[in-house]
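Quick caveat: nothing in here was measured; it's all calculated off a predicted structure.
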Amino acid sequence: MKQLGRALAIQLHSGPRRVQLSIHQRLLEIPLDQLLVDARAIRDRQFGSRVTYSPKVFIPLTMLCRDKCGYCTFAQPPARLENPYLSAEQVLAIAKQGAKSGCHEALFTLGERPELRYDVAAEWLKANGFDSTVHYLHDMAALVLKETGLLPHANAGALYKDELALLRSVSPSQGMMIESLRDDLDCHRGAPDKVPQRRLDTLEWAGELKIPFTTGILVGIGETREDRINALEAIAASHARHGHVQEVIVQNFLPKPRTGMQHEAPCPQDEYLWSIAAARIILPPSIHLQAPPNLSDDFGILLDAGIDDWGGVSPITADHVNPERPWPALDKLRVVTEERGKALAPRLTIYPEFVINPTVWVDDALHFPIQDRSDAEGLGRDDPGQVWPEKVTAADVVLDGAEVVLIGHRSTQWYSGANNPPPSLIGTQHDGTPFNEVDVDQLRGPIAEILQGVRLGQRINEAEIVTLFSARGKEVRAIAKVADDLRKQVVGDAITWVHNRNINYTNVCTFKCKFCGFSKGPLSLNLRGTPYLLTLDDIANRAREAWDLGATEVTLQGGIHPDFDGDYYIDVTRAVKDAVPEMHVHGFTALEVTEGAKRLGEPLYNYIMRLKEAGLASLPGTAAEILDDDIRAILCPDKINTEEWLECHQVAHEAGLRSNITIMFGSVEHPLSWAKHIVRTRALQAQTGGFTEFVGLPFVHMASPIYLQHKSRRGPTFRETLLMHAIARIAYHGLIDNIQVSWTKIGPIGAAQLLQAGCNDMGGTLMNENISRAAGASHGQGMTEDAFRAIAQPIGRSLLQRNTTYGRPDREPARKGAVLTS
Ligand code: SF4
């Protein structure tokens, strides 16, 4: 009962106690318009404005089938086919085309057990060393996965439990249409695999095996509305037992030439819409509902009936099941979706609800291939371009850069730290035309409601932050606009920067943060690269050099050397201040400070006061990573926890030192962790007012140990990166005025977009930035005022040099072009 739409439920509950039995009749009695309203309401409550599709390539492994269904044009007799099966080379060629076109899914579609009907199929399998079509499918799915990274979806019909289990190891999801539970349909007379019990058994076994499963019904093949209700209820019942049905497809019958049903009438539109709406009402709301867009001329109306997914859409291969009906172009799909106030998002073959719980739903071997294509929500990465499995080899020359180099196919999507250009999400589109201005008042859905609240001065909470991170398309532009309006209101148009130098005094570290490509063990424990430790003289010389080049700040950060006690950090601070008394010393993460105090057995406040007396003026926010201890347990289990990070900054603020907030995002965590991080740091800022800025640090994956061990994503997508900064502007509004772009990780083209989405600061010139490079980032190690201006000017913004705490620098401007090259 609880899955029924509100209006319908009220009607049902208002009647006498014959309710359960009359559900079907009531559905049949409710006017279509009302049913559609109910279905849409359920969809909107569950999925908000999101509508998904799966960018896929269609691999028709064999078009032979032992069944003969009256509506099918897919199955062919052997005489019509050159070969009974696609060869491995053909399979791979199609899959590679898909990967080059930016697909995420390889949809294997095939006839049912052709070897039982056609000798030619049985002989081919035997000659090639396979017991059955399913075994061949297993090997081809494994091949595609290994070579292209496309995630297979096996659509192999009615299978036995051992066959489903075999495919589970290579196919993150599987599918089989129930079609209908009527056992007397003319169209299924020659189809032994369409016996309803065989279909139900397959569905049930898939549930027992914890396989994310796609199923569905056909509408208009001779069944009645009651039959459809029965089939949908059977699906819902199996899902209630196992929780495995990820989506249900409601597909309309269309007569096709040269089929048994070629002279039958197509499924009437009202009947189809009724069936979709009935499915939405009968099924649990969490099951996604799909209708193929290529089988309806006016496919936008399918959204009116309650679907939230368009299914697989291929940029390159035909729909082999409905070859006469090409898929709409993606642009058209987007326009139609947005016309109905929805936002389009690419997904993987396995839905996010299952992606985020892989230990239950996915074979161990598939965890990483799925993670490798996922965004933070468990949807498909949505930056345009290709995603190939990354293969690396050790670098010949390491110096201070990454220790691995990429080989093989190069992915062309944007990644933080890589040179691939980001997509244009705001400002100007790729073809040079500006995006239409988004009228926030015209948007609909949960994101629009939150933004309207922001414009009325409301502060967003944790749940609302999570919702904003789900934005797509126009919604992203609306968030960017609201954030940028706040930026203008608070700090105006100037883009600030600080002339500074990074001094990473050692890369030796006793901690084992799983994302860190920078740290090395001490020589005795050396695992990788060359450990170094700068002397105090080196540090002082670097500070002097920096001052001579115009710097006002040095940023001191490094590994936690086993030989350091807390006095080391005081000595380093003094070394800089003795060399250049005017230099602002911005240094030491909460880890270094906490560890320094701990190693001396000194109270944190005393220790911070001694650092301050030595000349320390502010603290960087790094070592925060993600302030969510469940995630820290994965990323940096031996590091300070959330409370300790917050305490260190609170004590520093009490001691009169300013600091900033950083977040390293895009490795293993989900948006809820981002929201927790923002809300917790915001609460501290409300208490102390000591944070000067927020700095988003997108995870650079390329040479990061956790990525090389196949345990993280490839960093955030560009959309997530832009949203992180824009949402930070909105969430911290009234408490933190400055939102900084990390150019080392985002690059100048991406930085220009972020500066139009709420950011106002470019950070520092850095001069020698080693940490991002050690993780594989390829943006340079230093910036100049001119390089900052080259980003600011084209977007119509002025440039303003600042000091560390956002005042004006009290020394002569930097020498032009002054940058270290070493
Ligand atoms: S992030 Fe810092 S503490 Fe962690 S291993 Fe790297 S250098 Fe050490």
Side-chain angles (χ1 to χ4, degrees), residues 42-56 103-105 107 149-153 171-175 210-215 239 242-249 283-290 307-313 337 342-363 366-383 387 445-447 463 465-473 475-476 628 630-631 665-675 712-717 719-720 723-724:
I42 295 170
R43 186 264 323 272
D44 292 347
R45 270 200 302 280
Q46 183 73 24
F47 301 115
S49 57
R50 173 162 302 157
V51 174
T52 50
Y53 74 102
S54 175
K56 73 159 181 218
C103 295
H104 285 309
E105 173 186 343
L107 169 61
L150 292 187
L151 300 177
H153 175 83
S171 190
S173 58
Q174 298 184 48
K210 295 287 177 212
I211 294 171
F213 207 72
T214 295
T215 187
H239 181 76
H242 307 293
H244 65 305
V245 178
Q246 55 168 5
E247 64 177 335
V248 166
I249 303 170
L283 296 168
S286 60
I287 292 182
H288 296 269
L289 189 62
Q290 177 194 128
I307 64 161
D308 66 288
D309 184 76
W310 292 121
V313 175
T337 306
K342 301 287 173 197
L344 195 61
R347 63 167 170 85
L348 304 174
T349 173
I350 171 173
Y351 275 85
E353 295 84 346
F354 300 86
V355 170
I356 61 172
N357 195 2
T359 45
V360 172
W361 291 106
V362 184
D363 187 277
L366 298 178
H367 288 195
F368 178 67
I370 293 170
Q371 197 174 30
D372 205 26
R373 289 183 168 269
S374 295
D375 68 10
E377 291 182 277
L379 286 161
R381 298 184 73 88
D382 61 351
D383 289 318
V387 183
I447 288 172
I465 292 172
V466 172
T467 301
L468 290 184
F469 276 118
S470 70
R472 307 269 165 169
E475 296 169 339
V476 174
D628 177 342
D630 290 343
I631 303 303
F665 61 105
S667 59
V668 297
E669 77 294 345
H670 303 295
L672 178 59
S673 300
W674 302 342
S712 79
R713 301 192 300 272
R714 298 186 181 196
T717 65
R719 179 186 56 84
E720 291 168 339
L723 284 174
M724 176 60 75

Flag side-chain contact, heavy atom, 4.5 Å: [X] against [Y]:
| X | Y | value |
| --- | --- | --- |
| Leu468 | Leu723 | no |
| Ser54 | His104 | no |
| Pro346 | Tyr53 | yes |
| Thr349 | Leu107 | no |
| Arg373 | Leu150 | yes |
| Asp44 | Lys342 | yes |
| Glu105 | Leu348 | no |

Using only atom types and a distance under 3.5 Å, with no angle test, would you say the side chain of [X] pairs donor to acceptor with the backbone of [Y]?
| X | Y | result |
| --- | --- | --- |
| His244 | Phe213 | no |
| Arg381 | Pro716 | yes |
| Arg347 | Leu379 | no |
| Ser171 | Pro152 | yes |
| Glu247 | Gln290 | no |
| His367 | Pro358 | yes |

If you measure from [atom1] on [X] to [atom2] on [Y], what distance do you get to the nearest 0.5 Å?
| X | Y | atom1 | atom2 | value |
| --- | --- | --- | --- | --- |
| Asp375 | Arg713 | CG | CZ | 7.5 Å |
| Ile631 | Ser667 | CD1 | OG | 7.5 Å |
| Asp309 | Leu289 | CG | CG | 8.5 Å |

Ring geometry between Phe354 and Trp361 (parallel below 30°, tilted from 30 to 60°, perpendicular above 60°) | perpendicular
Apply ring pair (Phe, Tyr, Trp, His ring centres under 6.0 Å) to His670 and list each qualifying residue two or more places apart in sequence or on a separate chain.
-> none
Output, in order, the C-alpha distance, side-chain angles, deciding distance and verdict of side chain to side chain contact (heavy atoms under 4.5 Å, CB included) for Arg472 and Asp382.
-> CA-CA 10 Å; Arg472 307 269 165 169; Asp382 61 351; 2.9 Å; yes
